[in-house]
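Following: one structure in structure tokens, then a few remarks.
Owing to the predicted nature of the structure, the values given are computational and were not obtained by experimental measurement. We're numbering straight along the sequence, starting at 1.
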Amino acid sequence: MPKLVDHDERRREISAAVLRLAAGEGLESVSLRHVAAEAGISMGSVQHYFDSKDEMLLFALQHLAQQREQRITERLSVAPDPPTVRSLLRTCLVEVLPTDEQRRAEWLAGIAYFIRALSEAQVAAAMAEGVPKLIAFFADQLDIARRAGDLAPGVDVRQEAILLWSIVDSQATAVVLGQRTPDEAVATVDYYLDRLFSPSGSATS
């Protein structure tokens with residue numbers, strides 16, 4: 001009998017190859033032939049799953065986001081207690097930071113997509129969807145904490161949500177440039193969360 005192929009898994013394998021190439025060489029070097037070689041399959045197989053390079057790149061970008069979401073969900077599911085808003089946000093923020101080789105590669109792949117988005121409308125549109133949704137999620141969670149009295153009075157939850165993403169964005173860039181260590185970046189996230197979740201507005205232990 002012919003071997004059954006898991007089509008979704010094959011798409012994910014091709015996407016993983018795209019992301020490895022994007023992280024190491026940028027998207028300019030990514031071609032269907034190049035991806036096929038990286039994935040260890042024929043170019044015809046890649047074309048079977050994706051009609052064009054653009055379709056392949058957009059799917060890989062979605063795959064990148066799904067990988068992060070899955071890791072966050074798994075980390076929260078094994079937590080000993082139901083997550084607080086602070087612990088949930090910390091998990092989301094730290095998961096994005098390039099604290100190991102996998103997350104570093106993901107961040108570099110994201111930078112490659114950012115560069116392409118400057119000249120490619122489809123990629124720009126796809127990337128424009130992600131961060132606003134994330135900021136809205138952060139803001140919703142912070143509003144829950146605010147109503148529970150866990151934040152200082154008068155906190156603007158949307159502005160704080162934007163600041164949280166800005167901190168991670170800047171710290172991740174500093175890590176990949178060698179300006180900060182992963183531990184230092186995580187410490188900065190914790191420092192800000194400690195201040196944010198202190199009802200008095202001052203840092204806590």
Side-chain angles (χ1 to χ4, degrees), residues 19 23 60-114 117 124-205:
L19 295 174
L61 182 59
Q62 295 170 352
H63 179 60
L64 175 60
Q66 290 167 356
Q67 284 185 138
R68 287 173 173 164
E69 290 175 6
Q70 182 177 352
R71 287 201 307 268
I72 290 169
T73 300
E74 289 173 352
R75 287 186 60 184
L76 293 173
S77 68
V78 299
D81 301 305
T84 62
V85 171
R86 185 193 187 284
S87 65
L88 187 154
L89 290 175
R90 184 185 189 277
T91 297
C92 294
L93 297 169
V94 172
E95 194 58 49
V96 176
L97 289 173
T99 54
D100 58 22
E101 286 304 313
Q102 179 182 1
R103 288 161 183 77
R104 179 184 177 87
E106 288 176 351
W107 189 260
L108 291 174
I111 292 174
Y113 272 95
F114 169 78
M127 292 193 73
E129 294 178 359
V131 172
K133 289 181 180 178
L134 186 61
I135 289 173
F137 172 74
F138 287 171
D140 288 343
Q141 293 301 311
L142 289 172
D143 191 50
I144 293 172
R146 181 188 60 78
R147 287 186 276 111
D150 295 332
L151 303 181
V155 164
D156 185 322
V157 295
R158 176 163 176 79
Q159 291 297 336
E160 291 294 347
I162 293 170
L163 285 170
L164 286 175
W165 175 250
S166 298
I167 289 170
V168 170
D169 194 13
S170 65
Q171 291 304 298
T173 300
V175 170
V176 298
L177 290 176
Q179 298 168 345
R180 305 209 77 203
T181 68
D183 286 345
E184 288 172 337
V186 172
T188 296
V189 169
D190 285 332
Y191 174 80
Y192 194 81
L193 288 174
D194 283 344
R195 293 174 64 86
L196 179 58
F197 280 85
S198 171
S200 66
S202 60
T204 61
S205 58

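Checked for salt-bridge contact, Arg158 and Asp143 miss the test: no charged N lies under 4.0 Å from a carboxylate O. Residues Asp190 and Arg90 are paired through a salt bridge, judged by an N-O separation under 4.0 Å between the basic side chain and the carboxylate. With respect to Arg146 and Glu160, no salt bridge is recorded, no charged nitrogen being found less than 4.0 Å from a carboxylate O.
Put simply, CD1 on Ile111 and OG1 on Thr173 are 5.5 Å apart, with the number rounded to the nearest 0.5 Å. With rounding to the nearest 0.5 angstrom, the CZ atom of Phe114 is 7.5 Å from the CE atom of Met127. A distance of 7.0 Å separates SG in Cys92 from CG in Leu134, rounded to the nearest 0.5 Å. One finds the CZ atom of Arg86 at 10.0 Å from the OG1 atom of Thr91 (value rounded to the nearest 0.5 Å). Put simply, CD on Glu184 and CD on Gln171 are 9.0 Å apart, with the number rounded to the nearest 0.5 Å. Atom CG in Asp169 sits 12.5 Å away from atom CG in Leu163 (nearest 0.5 Å).
In this structure, a donor-acceptor pair under 3.5 Å is present between the side chains of Ser87 and Thr84. A side-chain donor from one of Thr188 and Arg180 sits under 3.5 Å from a side-chain acceptor of the other.
For the residue pair Pro182 and Pro98, the shortest heavy atom distance occurs at CG-O, 3.9 Å. Of all the heavy atoms in Leu196 and Leu151, the pair that sits closest is O-CD2, 3.2 Å. Taking all atoms of both residues into account, the shortest heavy-atom contact from Ala161 to Leu142 is N-CD1, 3.8 Å. Between His63 and Leu19, the closest heavy-atom pair is CD2-CD1, 4.0 Å. Taking every heavy atom of both residues into account, Val175 and Ala185 meet most closely at CG2-CB, 3.8 Å.
Here the side chains of Arg103 and Leu97 are not in contact, with every heavy-atom distance at 4.5 Å or above. Lys133 has its side chain out of reach of Phe137: every pair of non-hydrogen atoms, C-beta onward, lies at least 4.5 Å apart. The closest side-chain heavy-atom distance from Asp183 to Thr99 is not below 4.5 Å.
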Audit row: Val96, Trp165, side chain to side chain contact (heavy atoms under 4.5 Å, CB included) steps and yes/no: CA-CA 10 Å; Val96 176; Trp165 175 250; 4.2 Å; yes

Stepwise, does the side chain to side chain contact (heavy atoms under 4.5 Å, CB included) test hold for Trp107 with Leu64? CA-CA 10 Å; Trp107 189 260; Leu64 175 60; over 6 Å; no

Between Glu74 and Gln70, does the side chain to side chain donor-acceptor pair (under 3.5 Å) criterion hold? Intermediate values first, please. CA-CA 6 Å; Glu74 289 173 352; Gln70 182 177 352; 3.1 Å; yes

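In terms of the side chain to side chain donor-acceptor pair (under 3.5 Å) criterion, residue partners of Arg75 (sequence neighbours excluded) are, by chain and number, Glu95.
Leu76 pairs in a side-chain contact (heavy atoms from CB on, under 4.5 Å) with only one of the listed residues (Ile72, Thr73, Val78), which is Ile72.
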